[in-house]
Amino acid sequence: MNEENEKIRQALKDLLREEVDWDELRREKKAFIRARFEAKPFFLFRPAFFMPAVSFTVALAAFLFLMPEAVQKPERSPWTQWLSPARRTVEYPVIEPPVPSRVEQAAMQTQPALPLVSPVSVTRLQSDVGSTMVYQRQAGDVPIVIVWVFPK
Amino acid sequence: MNDPDRALVNRAQRGDKSAMGEIVNRYYEMVYVVCYGVLREREAARDTAQEVFLKISADIGKFTGQSKFKTWLYRVATNAAIDQTRRRRPSVSLDATDSTEEDHAPVVIPARDASPRAEAEKGELRETVKQALESLSPEHRAVLILREWQELSYEEIAEALGIELGTVMSRIFYARKKLGEVLRGMGIGSEKR
């Protein structure tokens, strides 16, 4: 009887093992879990929303990163290559006055005092060379002539 | 009661969908085999197994933990599969199958002219066992699958199906008897009882 029961048990196991397509069953299981029991991400993190958002963020970050370069180094920036030289130079001029060294400061202090000029009020300033502004990195690099036109 | 699924079930009861997914991942094959053992059709077994998990998901709050979760799952799966067979064909009285002489009649075995040893080849054996299984009622198939495939004890089967221990023993005895007749008819198994 035990032998017979064992054969029945074995025959049943073989039958189920053979009849059930286990690979197919696993595929069905995964699909079922995905369809019914997988927690769906918050809608902002779903691909339809998330990918455009990421693209926009990357583009914005790149723009913000490159923008200061475009302002301070117009001749090197790809953003302003198409602009005319005049236009490129007039945008956002940065003028840094040279810092006098200690020796120069001492010399300035020892110079005789200049004649006192009564204060004037500058209401308008004009350049006869157009709107071009020049950035002078070091004092004495390039002599700059500035004509001040004072209103009468 | 030491239930290895308790923590997972608690999470599912709190509405954690991924916990329910983990339960499905853990027990899908088991539920499918029980359904297939009873229904004997792949598509029906798949649909019923998935219905079982949807029902479990909906009713997980009703699980009180008085039995092991796996036992509860067996019960839901077996009942769903048996209900499915009843929907598909006219019902057969289980009491009648347990007691009438007709049901104790030998299973009709296809005539074979080869030697018993040749007939015992695996493919033929499976085919014959398959025919014998189909001659059993869904209830008998269910207990046989739980006992022989899932290797549950009589007590566990009784608890899972919500039936008396004696009924479990009776059904298993009857199912084995029928299958034994098949095997003996093929010249396999012991002649003596």
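The figures here come from the full heavy-atom set of this structure, side chains too, leaving out hydrogens, waters and symmetry mates. Chain identifiers are assigned alphabetically (A, B, ...) following the order of the sequence lines, protein sequences preceding nucleic acid strands; residue numbering begins at 1 within each chain. Owing to the predicted nature of the structure, the values given are computational and were not obtained by experimental measurement.
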Practice item. Give a yes or no on whether Arg75(B) atom CZ has more than 12 heavy-atom contacts from other residues, nucleotides or ligands under 6.0 Å away. Key: yes
If you tally heavy-atom pairs under 4.5 Å between each of Met20(B), Glu22(B), Gln50(B), Arg147(B) and chain A, the highest tally belongs to Gln50(B)
For the residue pair Arg6(B) and Phe69(B), establish whether any side-chain heavy-atom pair is separated by less than 4.5 Å.
no
Of all heavy-atom pairs linking Val38(B) and Pro138(B), the shortest is CG1-CB, 3.8 Å
Of Val33(B), Leu54(B), Ile145(B), Leu133(B), the largest count of non-hydrogen pairs under 4.5 angstrom with chain A goes to Leu54(B)
The interface call for Ile33(A) against chain B, heavy-atom contacts under 4.5 Å, is side chain
* Asked: In terms of side-chain heavy atoms, does Gln150(B) have a donor or acceptor partner in Tyr74(B) at a distance below 3.5 Å?
  -> yes
